[in-house]
Visitor: 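Let me begin by handing over the structure; questions about it come next.
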2 protein chains.
Amino acid sequence: MAKGKTARPVTRIQREKREQILEAALDVFSANGFRGATIDQIAEAAGMSKPNLLYYFGRKDDIHKALIGRLLDTWLDPLRAIDPNGDPLSEIRAYIRRKLEMARDYPRESRLFANEILQGAPRIMDLLEGELKDLVDEKSVILRRWMDQGRLARVDPRHLIFAIWATTQHYADFDVQVRAVLGPDFSGEGRFDDAARLLDQLFLTGLAPKNARHGELAK
Amino acid sequence: MAKGKTARPVTRIQREKREQILEAALDVFSANGFRGATIDQIAEAAGMSKPNLLYYFGRKDDIHKALIGRLLDTWLDPLRAIDPNGDPLSEIRAYIRRKLEMARDYPRESRLFANEILQGAPRIMDLLEGELKDLVDEKSVILRRWMDQGRLARVDPRHLIFAIWATTQHYADFDVQVRAVLGPDFSGEGRFDDAARLLDQLFLTGLAPKNARHGELAK
DNA sequence: CAGTTTTTTGACCAGTTGGAAAAATGTTAG
DNA sequence: CTAACATTTTTCCAACTGGTCAAAAAACTG
């Protein structure tokens with residue numbers, strides 16, 4: 001009943017063009033923010049005229065919504081993947097790795113998200129307070145259990161998650177600053193390996209339970 | 001010779017109004033980014049008409065430049081304050097504290113900066129590659145010396161600095177997300193104390209030199 | 001191929017935005 | 001008080017922006 005009529009059967013062209021548009025829009029939105037991006041820019045990047053683009057997405061907002069919606073799914077996957085039955089430090093290490101890979105492989109998505117949050121998250125506040133909060137709460141319980149079992153240093157689990165988000169996404173969101181500071185010699189992908197080493201040291205040593213530092217592991 | 005004529009003696013009104021404008025502009029720019037902010041918005045926030053505002057700052061760009069310039073000075077102060085003669089872990093701890101305080105007390109400045117970097121730092125690239133890089137390089141030498149002396153775990157000093165920037169500024173730049181995840185109970189300032197505790201644990205334990213973990217301290 | 005539907009285009013519009021000009025009003029030093 | 005200068009307001013404009021609409025062009029269907 002959603003479409004009113006007998007839902008048109010989405011043509012091949014529709015699928016392709018919509019994909020083109022989203023791809024172009026990701027470029028433009030992530031680089032300029034919502035207000036900074038113009039439909040003309042997106043249309044040009046997608047290789048079509050503005051009215052033509054508007055034939056596929058009725059308004060600017062729709063494109064942005066489609067992007068954000070699509071993003072959030074994959075964005076939270078690494079956190080979802082934390083296994084309550086795994087080894088605490090290994091799980092955290094794996095989580096950091098995955099987040100770092102995402103910053104490396106999907107920097108535009110990260111910046112799109114950062115732009116949105118920076119400007120007060122007007123379009124996704126409900127998601128933050130709902131889905132995201134729930135997921136973090138759920139994983140916090142797991143982390144806290146590990147701490148209770150003495151398998152992880154006792155810290156605030158939610159702030160721990162923030163710290164992981166911050167340090168990993170930094171390499172996508174603040175990329176230009178990172179590059180500028182490291183200098184042109186480091187413009188390769190090596191910085192991600194260096195970052196991984198630092199973060200391992202920081203989080204794995206920093207979070208190792210006290211008794212484990214002498215080799216003993218609590219039940 | 002900069003002013004052409006015998007440099008006008010900057011009246012009291014000029015000083016006050018410029019201050020008003022910058023204060024208002026910080027609000028508007030930090031919340032909306034450069035392109036997202038309009039002169040009208042800033043003018044209204046500053047309690048004056050648009051043409052009146054333009055009497056003090058000839059163009060939008062000038063306001064933004066003035067803000068950024070002013071910001072960067074204070075922004076880097078905490079890093080400058082790292083004392084080569086201090087105790088490594090204490091210096092790092094103090095640095096984290098200061099950065100966290102800045103995130104708490106000057107979130108708008110942090111977001112202004114974040115907005116600029118996110119969008120490719122078009123206006124301050126030279127500063128990043130110059131002043132900022134130089135300062136980071138200088139402090140990296142100090143950090144590396146501490147590591148050589150066995151007073152600090154061996155990590156990449158520049159990525160260590162990134163990690164401190166990321167984790168502290170996160171509380172300003174991603175404030176809405178942090179609040180959303182923590183929920184309304186934590187809307188007070190307590191989150192900064194919790195963050196400080198986590199970061200202490202993470203950085204101080206994570207960076208303690210190996211031999212120090214058994215109580216011994218290298219010269 | 002003729003008819004139908006989908007896609008693309010070109011012209012257009014109303015609202016917003018950055019900014020200019022000039023006239024009007026305030027302020028202040030002499 | 002008044003001339004000189006500083007400040008403010010009013011009016012205006014050209015460029016840009018999101019979005020509409022009808023007609024033209026393709027694409028598909030039987």
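In what follows, chains carry the letters A, B, and so on, assigned in the order in which the sequence lines appear, proteins first and then strands, with residues in each chain numbered from 1.
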Visitor: Less than 4.0 angstrom between a side-chain N/O of Ser49(B) and OP1 or OP2 of dT9(D), yes or no?
Guide: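 True: Ser49(B) side-chain N/O within range (under 4.0 Å) of dT9(D) OP1/OP2.
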
Visitor: The criterion is side-chain hydrogen bond (donor to acceptor under 3.5 Å, both in side chains); which residues satisfy it with Arg70(A), sequence neighbours excluded?
Guide: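 Listed in chain order: Glu19(A).
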
Visitor: Excluding sequence neighbours, so at least two apart, what forms ring-ring contact (aromatic ring centres under 6.0 Å, His included) with Phe29(B)?
Guide: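 ring-ring contact (aromatic ring centres under 6.0 Å, His included) check on Phe29(B) returns Phe34(B), His64(B).
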
Visitor: Using rotation axes that map the C1' atoms of four end pairs onto the next four (five pairs an end), what angle separates the end axes of the helix from dC1(C)-dG30(D) to dG30(C)-dC1(D), to 10°?
Guide: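 Inter-axis angle at the ends, rounded: 10°.
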
Visitor: Report yes or no: is the cationic atom of Arg93(A) (NZ for Lys, CZ for Arg) under 6.0 Å from the centre of the six-membered ring of Phe203(A), at an angle within 45° of the ring normal?
Guide: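 Here Arg93(A) fails the 6.0 Å and 45° test against Phe203(A).
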
Visitor: Take nucleotides 16-22 of chain D nucleotide by nucleotide from the 5' end and write B, S or -, depending on whether a protein heavy atom sits under 4.0 Å from the base, only from the sugar-phosphate, or from neither.
Guide: -SBBBB-

Visitor: Which atom pairs link the protein and nucleotides 25-29 of chain D when you take only N or O atoms and keep those under 3.5 Å?
Guide:
unit_1  : atom_1 : unit_2   : atom_2 : d
dC28(D) : OP1    : Arg12(A) : NH2    : 3.1

Visitor: Using only side-chain N and O atoms of Tyr55(A), determine if any of them is under 4.0 Å from OP1 or OP2 of dT8(C).
Guide: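 So the side-chain polar atoms of Tyr55(A) never come under 4.0 Å of the phosphate oxygens OP1 or OP2 of dT8(C).
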
Visitor: Would you jot down, in residue-number order, the residues of residues 21-30 of chain A having a non-hydrogen atom under 4.0 Å from DNA chain C?
Guide: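 Contacting residues: none.
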
Visitor: Please determine if a side-chain N or O atom of Asn52(A) lies less than 4.0 Å away from the OP1 or OP2 oxygen of dT7(C).
Guide: no

Visitor: Report yes if at least one side-chain N or O of Tyr56(B) is closer than 4.0 Å to OP1 or OP2 of dT8(D); otherwise report no.
Guide: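 So the side-chain polar atoms of Tyr56(B) do come within 4.0 Å of the phosphate oxygens OP1 or OP2 of dT8(D), strictly under.
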
Visitor: Answer yes or no: does a side-chain N or O of Gln14(A) lie under 4.0 Å from OP1 or OP2 of dT7(C)?
Guide: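 Answer is yes, contact under 4.0 Å.
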
